[in-house]
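Here the structure is a predicted model, which is why all the values come from computation and not from measurement.
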Amino acid sequence: MPISKGEFKGKPIVWDMGSVSLFMFAVFVSVVVGSLSFVNGEGIPSTVDGPFKPVTVPLDKSFRGHAVDLPDDDSRVQRTVTGWEPEQISVSLSSNHDSVWISWITGEFQIGENVKERDPKTVGSIVKYGRWRFAMTSEAMGDSLVYSQLYPFQGLHNYTSGIIHHVRLTGLKPNTLYYYQCGDPSIPAMSDVHYFRTMPASGPRSYPARIAIVGDLGLTYNTTSTIGHLTSNDPDLVLLIGDASYANLYLTNGTGADCYSCSFPDTPIHETYQPRWDYWGRFMQPLVSKVPLMMIEGNHEIEEQIEKKTFAAYSARFAFPSEESGSSSTFYYSFNAGGIHFVMLGGYTDYNKSGDQYRWLETDLAKVDRKVTPWLVATWHPPWYSTYTAHYREAECMRVEMEDLLYKYGVDIVFNGHVSCFVKDKLHALGELMIVCSFGNNQQVHAYERSNRVYNYNLDPCGPVHITIGDGGNREKMAIMHADEPGNCPEPSTTPDKFMGGFCAFKFTSGPATGKFCWDRQPDYSAYRESSFGHGILEMKNETHALWTWHRNQDAYGTIGDAVFIVRQPDRCPVET
């Protein structure tokens with residue numbers, strides 16, 4: 001009795017039940033373990049079967065992509081509201097299922113040499129909501145703010161945003177559909193009716209059906225493909241692992257480039273074109289006005305301005321459950337989604353053991369009850385275990401400070417984005433610009449990589465699976481070079497992240513790469529890597545089994561490029577409680 005369910009690596013997924021008893025079929029439906037799901041007769045592997053032999057998939061020459069930004073006049077990024085009507089509407093989660101944040105913007109931005117900030121009190125921050133579309137009897141009020149991006153140099157255009165509103169709804173029921181309108185009814189200036197579904201209540205058998213994971217998204221024609229594929233997978237939650245709008249690939253006059261410092265080497269400050277944030281918010285609204293989006297900062301959100309102020313757009317535009325989760329910063333926070341505890345960490349703020357983030361993380365992890373939220377997932381932007389030449393061991397100081405703590409508390413999965421490099425040469429291949437990389441700049445390229453369970457560069461059955469998903473589709477093209485290939489290993493002194501500083505990436509002192517800075521073959525901890533744009537879907541089946549699938553943009557909807565069951569073994573790997 002074959003049952004078809006999507007595709008994997010271009011072939012239909014078939015659950016062949018001909019030789020499986022009805023009892024075992026019931027077990028499959030309720031547990032969905034890797035040994036009982038088949039891909040044309042081949043089982044989807046599980047981490048219990050690992051560690052896996054490293055696999056590198058060659059570049060798919062049939063895929064050119066379209067890594068070109070949507071232009072300013074594209075209808076999907078144009079302002080379609082009038083007056084003080086809300087736009088760029090989004091939903092994000094609070095720390096638990098009974099609360100969410102609704103965010104939006106009213107009023108148009110201003111850009112030029114002389115701009116004047118709007119008074120945030122001009123328009124009210126009100127959300128009407130309820131479980132029935134025509135009976136939204138509950139009401140919540142929130143706060144509003146305006147941010148500016150200012151430059152102390154003549155000729156640069158300054159920016160000030162529209163009024164940004166954040167309203168927290170509380171007292172919500174779990175796994176329940178709510179309708180809402182936002183705006184100011186006294187003007188009147190209210191949005192259309194939108195809806196969202198709350199997360200399930202925390203518990204070992206309570207999970208959102210599908211969680212989409214994407215990084216380094218941008219606003220290109222590739223982005224539209226990524227979001228199209230992602231939306232077709234009907235996610236209940238979206239995690240964006242840093243780098244959203246790429247506004248910092250533009251001068252303040254709107255001139256853009258794939259590599260900012262290559263094209264604009266003489267600018268007195270790294271400029272940004274903040275309207276790209278507004279375009280991004282408009283493009284994303286159809287998805288994130290109904291599916292909660294949880295964001296963590298990436299390097300493209302740094303956006304230095306006057307008096308060395310950074311991360312202004314990131315901190316203003318998104319709502320974060322920082323206060324609810326005990327954090328004093330927008331750079332790190334945590335939240336629950338059913339039986340999953342997510343820890344969102346900052347790779348561009350102090351992560352030393354003596355710092356606020358580390359102390360917060362230690363307190364947060366100590367409070368996690370694994371009987372209630374068995375799964376522990378951590379995310380931050382720069383990867384620790386990427387084998388691409390770009391960003392190779394760049395975040396080593398963060399790993400040295402934090403890895404022991406994450407291992408002690410049994411983090412199951414880590415998601416990262418990033419993978420960046422400097423343009424050394426340009427090759428016209430396959431009809432599109434491919435980037436060849438060395439170090440010395442923050443130019444990014446993007447790819448996918450999944451690790452075996454790893455801890456301190458060693459295979460470890462109790463270590464987390466690290467997944468680099470920095471392939472959302474921005475204009476910086478794809479990464480194709482690996483640090484373990486001849487001639488691609490960077491000099492150690494070139495690897496530290498310039499924004500964070502510090503040096504911790506020394507040569508290996510044990511294992512197959514002893515005395516070297518890079519392996520001379522794909523490292524054992526790297527299970528699968530491929531250069532392609534796409535997104536991932538995480539599905540927790542129960543307290544011990546989760547299905548991870550990666551979906552490439554060039555494939556048909558429903559096709560799976562990589563799949564693995566991630567299996568927790570709490571009896572084998574006891575954690576700190």
### Verdict with supporting geometry, Arg568 and Asp412, salt bridge (charged side-chain N to carboxylate O under 4.0 Å, His left out)
CA-CA 7 Å; Arg568 297 182 62 248; Asp412 300 297; 3.3 Å; yes

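- With hydrogens and angles ignored, the 3.5 Å screen pairs no side-chain donor or acceptor of Asn352 with any backbone N or O of Ser354.
- The shortest side-chain heavy-atom distance between Ile469 and Trp550 falls under the 4.5 Å cut-off.
- Ionic pairing of Arg399 and Glu396 is present here: one or more N-O contacts between side-chain nitrogen and carboxylate oxygen are shorter than 4.0 angstrom.
- Looking at Asp236, its side chain does come within 3.5 Å of a backbone N or O of Ala209 through a donor-acceptor pair.
- The one candidate from Ile340, Ile566, Ile213 that meets the side-chain contact (heavy atoms from CB on, under 4.5 Å) condition with Val377 is Ile340.
- Ring orientation note: the planes of Trp384 and Trp380 are tilted relative to one another, at an angle of 30° to 60°.
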### Task
Mind running side-chain contact (heavy atoms from CB on, under 4.5 Å) on Val465 and Arg450 for me, showing each step along the way?
CA-CA 7 Å; Val465 174; Arg450 169 174 55 84; 4.1 Å; yes

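- Side-chain N or O atoms of Tyr207 include one that pairs as donor or acceptor with a backbone N or O of Pro204 at under 3.5 Å.
- Using a 4.5 Å cut-off on side-chain heavy atoms (C-beta onward), Phe533 and Tyr448 make no contact.
- Salt bridge annotation for Glu530-Arg552: present, with a cationic side-chain nitrogen under 4.0 angstrom from a carboxylate oxygen.
- Between the side chains of Tyr348 and Asp497, no donor-acceptor pair is found at a separation under 3.5 Å.
- Side chains of Asn456 and Asn458: no donor on one and acceptor on the other come within 3.5 Å.
- Using bins of under 30°, 30° to 60° and over 60° for the plane-to-plane angle, the ring pair His482/Tyr388 lands in the tilted bin.
- Side-chain N or O atoms of Thr468 include none that pairs as donor or acceptor with a backbone N or O of Asn416 at under 3.5 Å.
- Taking the six-membered ring for Trp, Trp548 and Phe415 have ring centres closer than 6.0 Å.
- Side chains of Pro235 and Ile211 form no contact here, defined as non-hydrogen atoms less than 4.5 Å apart.
- Looking at Arg529 and Asp562, no side-chain N of the basic residue comes within less than 4.0 Å of a carboxylate O on the acidic one, giving no salt bridge.
- Using a 4.0 Å cut-off between charged nitrogen and carboxylate oxygen, Lys408 and Asp404 do not count as a salt-bridge pair.
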### Task
Verify ring-ring contact (aromatic ring centres under 6.0 Å, His included) between Tyr385 and Tyr525, making sure each step is shown before the conclusion.
CA-CA 8 Å; Tyr385 287 101; Tyr525 58 78; 5.4 Å; yes

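- Of the possible polar contacts, one joining the Thr224 side chain to the Tyr221 backbone as a donor-acceptor pair under 3.5 Å is found.
- Val238 has its side chain within reach of Leu230: a pair of non-hydrogen atoms, C-beta onward, lies under 4.5 Å apart.
- Panel note: side chain Thr495, backbone Pro492; a donor-acceptor pair is recorded below 3.5 Å.
- Proximity of Cys397 to Glu401: side-chain heavy atoms (C-beta onward) are nowhere separated by under 4.5 Å.
- A side-chain donor-acceptor contact under 3.5 Å links Thr56 and Gln522.
- Between Arg205 and Glu543 there is a salt bridge, with a side-chain nitrogen of the basic residue lying less than 4.0 Å from a carboxylate oxygen of the acidic one.
- Between Phe565 and Asp49, the closest side-chain pair of non-hydrogen atoms is not below 4.5 Å.
- Side-chain atoms of Asp243 and His418 form no donor-acceptor pair, as typed in the model, at a separation below 3.5 Å.
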### Task
Go through the steps for Phe331 and Phe320 under the test ring-ring contact (aromatic ring centres under 6.0 Å, His included), then give the verdict.
CA-CA 9 Å; Phe331 299 145; Phe320 307 94; 8.6 Å; no

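- The shortest side-chain heavy-atom distance between Ser532 and Gln554 falls under the 4.5 Å cut-off.
- Between Phe283 and Leu70 there is a side-chain heavy-atom pair separated by less than 4.5 Å.
- For the residue pair Thr387 / Glu449, a side-chain donor-acceptor distance below 3.5 Å is found, with atom types taken as modelled.
- You'll find the ring centres of Phe517 and Phe508 outside the 6.0 Å limit.
- Note: Trp360 and Tyr332 have tilted aromatic rings, judged against thresholds of 30 and 60 degrees for the angle between ring planes.
- Between the Ser386 side chain and the Pro383 main chain, no donor and acceptor come within less than 3.5 Å of each other.
- Here the rule is side-chain contact (heavy atoms from CB on, under 4.5 Å) with Phe342, and of Asn336, Thr373, Leu239 only Leu239 fits it.
- Side-chain atoms of Thr220 and Thr223 include a donor-acceptor pair closer than 3.5 Å.
- Side-chain polar atoms of Asp471 and His535 form no donor-acceptor pair below 3.5 angstrom.
- Using the six-membered ring where Trp is involved, His270 and Tyr260 have ring planes that are parallel, under 30° apart on the 30 and 60° scheme.
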### Task
For Tyr333 and Asp364, run side-chain hydrogen bond (donor to acceptor under 3.5 Å, both in side chains): C-alpha distance rounded to whole Å, both residues' side-chain angles, the deciding distance at 0.1 Å, then the answer.
CA-CA 9 Å; Tyr333 59 91; Asp364 185 83; over 6 Å; no

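- Listed for the His341 side chain is no donor-acceptor partner under 3.5 Å among the backbone atoms of Ser334.
- No salt bridge links Asp460 with Arg453; every basic N to acidic carboxylate O contact stays at or beyond 4.0 Å.
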